[in-house]
2 protein chains.
Amino acid sequence: MAVADFNQIRRSEHLPARIAAQIGREITEGRIAAGEKLPTEHLLAKTFGVSRSVVREAIAQLRNEGLVETRQGVGAFATEFERRQSLRIEHGDPTDQLAFHNLYQLRIPLEIEAAGLAAIHRTSADLARLDETLEQMTGAEKWTEQGIVADLAFHRALATATQNEYFPLFTSFIAERISLAIQAARAKAVLEEIVEVTIAEHVAIRDAVAIGDPVKARQAMRHHLIQAAARLDLALETLQGEIS
Amino acid sequence: MAVADFNQIRRSEHLPARIAAQIGREITEGRIAAGEKLPTEHLLAKTFGVSRSVVREAIAQLRNEGLVETRQGVGAFATEFERRQSLRIEHGDPTDQLAFHNLYQLRIPLEIEAAGLAAIHRTSADLARLDETLEQMTGAEKWTEQGIVADLAFHRALATATQNEYFPLFTSFIAERISLAIQAARAKAVLEEIVEVTIAEHVAIRDAVAIGDPVKARQAMRHHLIQAAARLDLALETLQGEIS
DNA sequence: TCTTGTAAGGTTGTCTGATAACTTTATATG
DNA sequence: CATATAAAGTTATCAGACAACCTTACAAGA
């Protein structure tokens, strides 16, 4: 297959998305203040030169983002900030080193805390799941994408073992973004090395969780993340309490 | 004003939101696999017993969340996970103690780490902003909502001082949810006490940041969060490294 | 004069039906 | 076998109508 590596052709965004983006910008850039009423659907349809259905779909999107709330018979209103239910991270430049570093820095305290809580709360099913992911990791030496998937699965299992629904939600969201950035940077050679070396580090985390030692679990996770950062040539600020 | 303290009447969610929630659950709970095609709009409309417009608005919402992508003439597909740009926390029952506890538990490592990074990276403008929020906090003794706002502002200023764009994004998102839950729980009397006592704790954080001592900043934040939890009658697992 | 009830007007929510635009599959032609 | 065209199916958009709700104005009764 000697075909040039063409980019996927970008489909033009359809009308509701474009209109939602424009209205959304008016709100986030403060030209429509929180609590202020939007123009009526009829007027928006006329202004944008589209049908009312398209306006309604755009408003459905904004409502979903929490930027707008609608009241039947009254109108649509820009929300106060606290109404928003979504946290968005835009797909930025995957090779942006600073963004990568900052996201990694954010992940660290969460993963360390997750390890500690997992050591306290884990069930035997959680432990079995951790072992499964370790097994996948071992078999993933040759396939770097599989290595990433197995690593993600390990961390997700760990966060699940906290018995706190928010940890898997947040750590997975962040971890997957970090993995995407690694893949996009095409550091394939680095990844192979990472997969081979980190198995022992993952096992150390698993073992600390298995014996229910939160301090040791946190230390193992900290060590793993510092080593991983070093392998990715990331300069991190001193971690909590240093390495002890 | 001796009117009883009525709750705001909850409006029932309308159809597109309910349908989007159901389809979204099918996807996030794995019953519709990533890459799999959804039923046609016509079939979904028949199945749910609604008009096609309602289905389209629901799909517009899901599309906005990145859970679904649509191709004209083909159909709607559940996305691969990496397409998703949003992290959602549903407005659950504000008085759900477990959810509150779990969210607070999630917040702790982030705030501690933010304090440490702020001590390293803060500018003089950051410090001025921290002082502003402390001043607001002092003037907020009588008004508990203002106390919450001032507290949120303090923590946001601290997260901003990390010079890592993700910390304010995540900590504010979580903190605002926690504050909403507190307000909904109507712990007004508790809040007044909180505001008075926590000023000293906030000042300790500020001072550690001002002298650029990340270890002391983390300790001060840890102490503050533990005390706040105690005031809210939250039983937390041992924090990282205990109190030293 | 004040309170309650009703009507009118306006706006969102949902429905129905149609056509445009696009994709896929089947069939015909060279 | 390759290419072109037609048919079928699906999403995208349009238009119009009615339902449900909200706000305001006005009338009637105490």
Side-chain angles (χ1 to χ4, degrees), chain A residues 3 6 8-24 26-27 32 34-79 83, chain B residues 1-3 6-24 26-27 32 35-79 83:
Chain A
V3 181
F6 289 119
Q8 199 176 24
I9 297 203
R10 180 174 183 95
R11 300 179 189 277
S12 67
E13 272 191 322
H14 48 259
L15 294 177
R18 287 159 64 187
I19 287 164
Q22 285 193 40
I23 297 175
E26 293 294 304
I27 295 173
I32 299 180
E36 190 176 330
K37 184 174 171 304
L38 267 62
T40 63
E41 291 174 0
H42 175 75
L43 188 57
L44 287 170
K46 247 176 93 167
T47 304
F48 286 113
V50 297
S51 78
R52 205 182 130 213
S53 301
V54 171
V55 168
R56 288 196 54 79
E57 285 187 32
I59 288 176
Q61 292 187 203
L62 293 169
R63 192 166 51 214
N64 183 263
E65 289 184 41
L67 281 183
V68 159
E69 67 178 353
T70 54
R71 287 170 55 204
Q72 181 172 343
V74 190
F77 296 82
T79 55
R83 288 292 185 128
Chain B
M1 262 306 245
V3 182
F6 290 118
N7 276 345
Q8 197 175 29
I9 297 203
R10 183 178 180 95
R11 299 179 189 278
S12 65
E13 274 190 318
H14 49 259
L15 294 178
R18 288 158 64 186
I19 286 164
Q22 285 194 43
I23 296 174
E26 292 294 302
I27 295 173
I32 299 181
E36 191 176 333
K37 183 173 169 309
L38 268 62
T40 63
E41 292 174 358
H42 175 73
L43 187 57
L44 286 172
K46 245 176 90 165
T47 302
F48 286 113
V50 299
S51 77
R52 204 181 129 216
S53 299
V54 171
V55 168
R56 288 196 55 79
E57 285 187 30
I59 288 175
Q61 292 187 204
L62 293 168
R63 192 165 50 212
N64 182 261
E65 289 183 42
L67 280 183
V68 157
E69 65 178 355
T70 54
R71 288 167 57 204
Q72 180 172 342
V74 189
F77 297 82
T79 55
R83 290 290 185 125

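Lettering follows sequence order; numbering is per chain, from 1.
- Proximity of A/Ser51 to the phosphate of D/dT13: no side-chain N or O atom is located under 4.0 Å from OP1 or OP2.
- Regarding A/Glu41, its CD atom lies at a distance of 16 Å from the P atom of D/dG16, rounded to whole Å.
- To the nearest angstrom, P of D/dC14 lies 15 Å from NE2 of A/His42.
- The environment of B/Lys46 atom NZ is sparse: at most 12 non-hydrogen atoms of other residues, nucleotides or ligands sit within 6.0 angstrom.
- Counting heavy atoms from C-beta outward, B/Ile23 and B/Leu44 have side chains that approach closer than 4.5 Å.
- Taking 3.5 Å as the limit, the base of D/dA20 and the side chain of A/Gln72 contain a donor-acceptor pair of atoms between them.
- Atom CZ in A/Phe48 sits about 14 Å away from atom P in D/dT13, given to the nearest Å.
- Among the atoms of the strands shown, only primed sugar atoms or phosphate atoms (P, OP1, OP2) are found under 4.0 Å from some heavy atom of B/Thr40.
- Contacts of B/Ile59 with the nucleic acid, taken as non-hydrogen atoms under 4.0 Å apart, are absent.
- With D/dC22, C/dT14, D/dA15 as the candidates, the nucleotide lying closest to the side chain of B/Leu15 is C/dT14.
- B/Thr79 contributes atom OG1, which lies 12.5 Å from atom CZ of B/Arg63 (distance to the nearest 0.5 angstrom).
- In terms of polar N and O atoms assigned as donor or acceptor, the side chain of B/Arg52 comes within less than 3.5 Å of the base of D/dA12 in a complementary pairing.
- Under the 4.5 Å side-chain criterion, counting only non-hydrogen atoms from C-beta, B/Gln61 is not in contact with B/Asn64.
- Taking 4.0 angstrom as the limit, B/Thr70 places a side-chain polar atom (N or O) nearer than this to OP1 or OP2 of D/dA12.
- If you measure from atom CD of B/Glu57 to atom P of C/dT16, you get 15 Å, rounded to the nearest angstrom.
- Within the 4.5 Å cutoff, no side-chain heavy atoms of B/Glu65 are placed close to those of B/Val68.
- With rounding to whole Å, B/Lys46 atom NZ is found 15 Å from D/dG9 atom C1'.
- Distance, B/Arg56 CZ to C/dG13 C1': 17 Å, rounded to whole Å.
- One interatomic measurement links the two molecules: CZ of A/Arg18 to C1' of D/dT13, which rounds to 13 Å at whole-angstrom precision.
- Atom NE2 of A/His14 is separated from atom P of D/dT10 by 18 Å (rounded to the nearest Å).
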